[in-house]
Amino acid sequence: MIKTGIEAMSFYTPHRYISLATLAEKHGIDPEKFSRGIGQEKIALPGHDEDIVTMAAEAARPLIDRYGTEGIDTVLFATETGIDQSKAAGIYVHRLLGLPANCRNVELKQACYSATPALQLACSYVARRPDRKVLVIASDVARYDRESSGEATQGAGAVAMLISADPKLLEIGAVSGLFSEDIMDFWRPNHRRTPLFDGKFSTLRYLNALIEAWRDYGENGGKAYEDFARFCYHLPFSRMGEKAHRHLAKSAKASLDMEMALPGMLYNRVVGNSYTASIYLALISTLENSEDDLTGKSIGLFSYGSGATGEFFDATVVSGYQEHLFTQHHQAILEDRVPVSYEDYVELWGAPVAKDGEELTFEVEARGRYRLAGINDHKRIYVDTRA
Ligand code: CAA
């Protein structure tokens with residue numbers, strides 16, 4: 001059987017953040033609630049000239065620079081925070097990256113989950129067409145109402161993955177465990193910028209979906225708990241991953257080793273929730289922050305999207321994977337960031353929305369190569385500042 005999976009992957013997050021210590025102080029909350037109770041330190045904040053498209057292009061750029069565009073004939077863009085009801089965000093990215101015109105583009109939605117079906121569809125496609133590659137992008141701005149319980153779990157980021165029949169990082173296993181149920185734990189009607197959610201209920205349904213998906217994975221011939229060296233979870237906040245890992249170990253009647261999940265939480269702790277990108281940010285964090293050599297080892301992944309769908313699947317680390325990581329680039333992105341004051345956070349949180357046909361021009365805030373210059377005549381104007 002043809003091996004398919006992730007040839008390379010890279011992430012991007014904006015250069016500004018608010019520290020959760022600042023948020024705690026402003027709201028008179030014990031900072032330990034956020035650092036230990038939620039397990040988060042920072043919330044990444046896009047400028048007004050940054051969005052899911054600019055972050056996606058920034059995330060994908062290093063992949064294109066290193067591996068080229070040859071063979072890419074499909075862009076699958078996963079997001080919860082779409083910018084248009086009709087046009088796929090990937091089409092803007094397609095142009096910004098200079099991808100071949102003979103390429104399909106589509107956007108996928110199911111809360112935080114949709115990058116996982118994108119990855120699975122891409123693997124199936126390249127198994128049929130091993131000469132082709134698929135660019136899978138997950139990009140989101142997680143923005144909750146201020147002073148809601150979700151406020152501390154905001155964030156923003158994008159992950160880009162090159163899927164091919166020459167997986168240099170991770171081979172994706174053919175077996176999945178699946179679970180869906182129709183619930184209202186977190187949703188966002190078309191007229192709202194921020195989600196409606198039932199926080200505690202959502203955490204309980206997440207854990208239930210994990211166990212149901214894990215059971216289905218086992219029944220479909222998946223690996224045993226003992227076969228895994230690491231686990232990656234969808235991380236709305238890193239403490240959710242700890243709860244999930246504890247829950248899974250208990251369900252599998254295995255002894256708990258939190259070290260199997262902790263390397264995957266390091267980047268997410270300082271980025272915040274990035275919805276569709278979150279589990280793949282955890283996967284990058286696992287590969288880049290595990291001290292031991294993971295060659296040949298199995299990673300278990302649990303992807304969750306409220307509403308709800310969960311999927312458990314596995315990936316096997318490919319020999320020589322270290323040469324295909326972007327560790328220094330990623331660490332530079334995280335280290336070069338600057339904190340903002342509470343007042344600046346409030347200003348950034350209220351990203352301007354163009355009223356019907358209004359012209360908006362945005363100041364240069366983005367530090368990356370791509371930015372949203374403005375909105376005019378209902379059209380978003382994206383620019384490559386190096387073009
Ligand atoms: N020191 C240490 N720990 C403290 C503390 C302190 N001073 N004060 C509180 N804590 C602990 C609490 O004991 C609690 O721990 P447990 O979970 O172990 O009980 C934890 O901090 C959180 O405290 P609360 O339960 O009081 O927190 P909260 O009411 O503010 O809500 C939340 C927590 C419900 C997760 C909230 O952050 C939320 O609504 N988030 C948005 C929804 C969400 O992320 N859901 C996750 C599942 S859905 C999903 O995954 C999809 C998605 O991406 C949205």
Side-chain angles (χ1 to χ4, degrees), residues 20-21 23-44 52 78-81 109-116 138-159 179-188 192-213 232-248 250 256 258 261 264-265 268-269 271-282 301-312:
L20 281 170
L23 201 65
E25 188 187 353
K26 190 72 190 175
H27 294 331
I29 293 171
D30 180 357
E32 294 256 304
K33 173 177 175 178
F34 294 152
S35 60
R36 290 205 298 125
I38 301 282
Q40 291 300 118
E41 294 169 35
K42 297 173 182 175
I43 294 171
I52 57 163
T79 187
E80 193 275 347
T81 39
K109 174 177 70 181
Q110 178 18 51
C112 308
Y113 167 69
S114 60
T116 298
S139 184
D140 268 307
V141 179
R143 194 181 274 124
Y144 286 83
D145 283 340
R146 287 196 289 114
E147 302 190 33
S148 71
S149 73
E151 184 179 23
T153 70
Q154 296 177 106
V159 169
F179 177 73
S180 282
E181 63 172 347
D182 181 4
I183 51 167
M184 301 305 273
D185 61 332
F186 169 107
W187 70 106
R188 191 163 65 81
R192 285 187 61 101
R193 264 182 78 228
T194 51
L196 299 159
F197 61 101
D198 184 340
K200 293 268 158 55
F201 177 60
S202 70
T203 61
L204 295 175
R205 295 329 288 170
Y206 173 119
L207 294 177
N208 179 65
L210 166 62
I211 298 308
E212 291 293 339
C232 288
Y233 299 94
H234 166 55
L235 295 175
F237 48 94
S238 73
R239 186 83 198 295
M240 188 73 230
E242 287 184 40
K243 286 176 192 241
H245 191 56
R246 188 168 287 115
H247 211 62
L248 186 66
K250 192 173 167 200
L256 178 67
M258 208 43 94
M265 297 180 193
N268 301 63
R269 274 186 77 92
V271 167
N273 198 351
S274 54
Y275 292 162
T276 54
S278 150
I279 184 178
Y280 297 100
L281 182 61
L301 296 113
F302 176 63
S303 178
Y304 179 75
S306 289
T309 286
E311 177 164 346
F312 191 96

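Positions are given from 1, in the same order as the sequence printed here. Just so it is clear, the model here is predicted, and its values are computed rather than measured. Start at 1 and go down the list; that is how both ligands and their atoms are numbered.
- Within 6.0 Å of CD on E181 lie more than 12 heavy atoms contributed by other residues, nucleotides or ligands.
- Of the candidates R239, K200, E151, K200 brings a heavy atom nearest to atom 29 (O) of ligand 1.
- Checking atom 32 (C) of ligand 1 against the protein gives no heavy-atom contact under 4.0 Å.
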Full working for ring pair (Phe, Tyr, Trp, His ring centres under 6.0 Å) between Y206 and Y233: CA-CA 10 Å; Y206 173 119; Y233 299 94; 7.4 Å; no
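- At least one N or O atom of S202 sits closer than 3.5 Å to an N or O atom of ligand 1.
- In this structure, the protein non-hydrogen atom closest to atom 17 (O) of ligand 1 is K243 NZ, 2.4 Å.
- When only interatomic distances are considered, the shortest N/O to N/O separation between T203 and ligand 1 does not fall below 3.5 Å.
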Steps toward ring pair (Phe, Tyr, Trp, His ring centres under 6.0 Å) verdict (F302, F312): CA-CA 5 Å; F302 176 63; F312 191 96; 7.1 Å; no
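- Inclusion of Y275 in the set of residues having an N or O under 3.5 Å from an N or O of ligand 1 is not warranted.
- Considering backbone and side-chain N/O atoms, H234 comes within less than 3.5 Å of an N/O atom of ligand 1.
- Shown here, atom 12 (C) of ligand 1 is out of close reach of the protein: none of its heavy atoms lies under 4.0 Å off.
- Between D145 and R192 a salt bridge is recorded (basic side-chain N to carboxylate O distance below 4.0 Å).
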